[in-house]
Asks: 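Structure provided below as structure tokens; questions to follow.
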Amino acid sequence: MVDRPNKPAALASTPGLPPQPQVNISHDNSRVSAVLPTGESVEVLLFGATVISWKDRAGNEKLWVSDAAKLDGSKAVRGGIPLVFPVFGTAPDHAAASKLPQHGFARNSKWEFLGKSSSESTSSTSPSDASIKLDFGLSSTTVDEKSKALWPYIFSAIYSVTLTSDGLSTGIVITNDGKEPFECQVLLHTYLRIKDITKVEVTGLEDSEYIDKVDGAKTKSQSGAVTITGETDRVYTPAKGPSSPIVVTEGGSTAFSVVRDNLKDIVVWNPWTEKAAGMGDFEPKEGFKNMICIEAGSVQGWTALEPGDALDGAQTISY
Ligand SMILES: O=P(O)(O)OC[C@H]1O[C@@H](O)[C@H](O)[C@@H](O)[C@@H]1O
């Protein structure tokens with residue numbers, strides 16, 4: 001059980017100090033963008049509340065988004081951070097979720113921008129403490145009729161995207177606002193941008209059990225770091241627990257570190273040659289060399305929410 005996040009606070013200001021560099025936010029009907037005084041930026045599409053860009057202060061993009069990704073709401077975004085809820089994949093054997101489309105409806109729904117809260121640095125010479133949190137909402141009253149018919153439960157979801165000079169956090173709180181219990185799965189389907197998949201190792205999954213979705217859903221055990229040498233689609237339940245980071249290294253240097261909060265599973269996905277070739281919205285076709293999905297979630301089994309209960313989970317990605 002968790003409390004709902006507070007309503008967004010007003011922008012901080014410090015009377016008596018000279019004007020500080022400001023967090024710059026813009027939003028329209030389709031997206032919200034924010035830039036920190038130090039130059040880091042994030043952009044979130046209201047469709048799916050999908051983070052479609054996250055840049056460091058030098059302007060380097062940290063997420064992979066397909067050149068053919070649909071950003072007009074006609075299809076889930078191929079790249080960035082789509083949100084998977086209430087089902088991971090499909091669940092033909094789960095009575096309540098069996099009719100849902102692959103990965104549920106959250107990534108295909110228009111979310112509402114609830115507001116922003118930011119903390120500004122109090123020192124104009126060191127603006128690196130500034131941060132911005134953007135909140136987005138979706139509920140059974142705002143999803144479309146088709147989704148309601150497929151999954152008739154009463155819920156509300158608040159998704160918070162927090163940008164700091166050190167990294168990006170994304171967190172979700174899903175509350176059962178109805179009178180019936182329901183079961184759900186949730187996942188932050190993060191496409192990390194890398195330079196060369198053949199030089200990537202993922203650590204933090206050693207000695208963990210995983211389901212190998214490209215080998216008949218067999219249960220296996222990871223020994224050593226994960227390397228990607230072909231189509232990879234695995235659901236790990238890391239042995240070390242959520243606060244132990246999952247680290248993506250490239251050529252021996254840390255590219256990303258992912259720390260989870262209350263999300264017990266990690267999906268590692270790379271489509272490789274053939275699968276990428278078969279996806280109409282995956283461009284360039286060789287783009288699989290420049291991405292790895294490290295997806296924090298709770299997708300092995302189901303999370304049951306009784307009326308009034310909430311599920312909250314988050315990840316923080318740093319580099
Ligand atoms: O094409 P989609 O629906 O975005 O899914 C992409 C991939 O998402 C991953 O999370 C799944 O484990 C894969 O099985 C799936 O192929």
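For ligands, and for the atoms within them, numbers begin at 1 and follow the listed sequence. Because the structure is a prediction, the values reported are computed rather than measured.
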Asks: Compare all side-chain heavy atoms of Lys213 with those of Val267 and state whether any distance is below 4.5 angstrom.
Replies: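 Side-chain contact under 4.5 Å: no.
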Asks: Among all the protein's non-hydrogen atoms, which is closest to atom 1 (O) of ligand 1, and how far away is it?
Replies: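 Going atom by atom, the protein heavy atom closest to atom 1 (O) of ligand 1 ends up being Arg78 NH2, 3.0 Å.
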Asks: Quick test: of every protein heavy atom, which one is nearest to atom 7 (C) of ligand 1, and how far off is it to 0.1 Å?
Replies: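 Looking at atom 7 (C) of ligand 1, the protein heavy atom closest to it is Trp269 CE2, 3.5 Å.
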Asks: In terms of residue, atom name and distance, what is the protein heavy atom nearest to atom 13 (C) of ligand 1?
Replies: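 Closest protein heavy atom to atom 13 (C) of ligand 1: Asp233 OD2, 3.0 Å.
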Asks: Count the heavy atoms of every other residue, nucleotide or ligand shown that sit under 6.0 Å from CG of Asp196, and state whether that count exceeds 12.
Replies: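 Buried by this count: over 12 neighbours within 6.0 Å.
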Asks: On the six-membered ring of Tyr319, is Lys62 placed so that its NZ or CZ lies under 6.0 angstrom from the centre and within 45° of the ring axis?
Replies: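 Checked: cation-pi criterion met.
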Asks: Just to confirm my output: which protein heavy-atom neighbour is closest to atom 10 (O) of ligand 1, and how far is it?
Replies: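 Among all protein heavy atoms, the one nearest atom 10 (O) of ligand 1 is Glu295 OE1, 2.6 Å.
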Asks: Which is it for Arg107 and ligand 1 at heavy atoms under 4.0 Å: side chain, backbone, both or neither?
Replies: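 The side chain, only.
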Asks: Which of the atoms of ligand 1 are close to Phe88, meaning less than 4.0 Å from one of its heavy atoms?
Replies: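 It comes down to these atoms of ligand 1: 10 (O), 12 (O).
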Asks: Between Arg193 and Glu61, is the closest basic N to carboxylate O distance under 4.0 Å?
Replies: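 A salt bridge is absent here (no side-chain N lies under 4.0 Å from a carboxylate O).
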Asks: Look at Asp215 together with Lys220 and state whether they make a salt bridge at an N to O cut-off of under 4.0 Å.
Replies: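 Result for this pair is yes, salt bridge flagged.
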Asks: Run Glu283 and Arg78 through salt bridge (Lys or Arg N to Asp or Glu O under 4.0 Å) and show every step you take.
Replies: CA-CA 9 Å; Glu283 289 288 350; Arg78 175 68 60 204; over 6 Å; no
Asks: To check your reading of the model: name the closest protein heavy atom to atom 9 (C) of ligand 1, its residue, and the distance in Å.
Replies: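 Of the protein heavy atoms, His189 NE2, 3.4 Å lies nearest.
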Asks: In the protein, what heavy atom is nearest to atom 16 (O) of ligand 1, and what distance, to one decimal place, separates them?
Replies: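 Atom 16 (O) of ligand 1 sits closest to the protein heavy atom Lys275 NZ, 3.2 Å.
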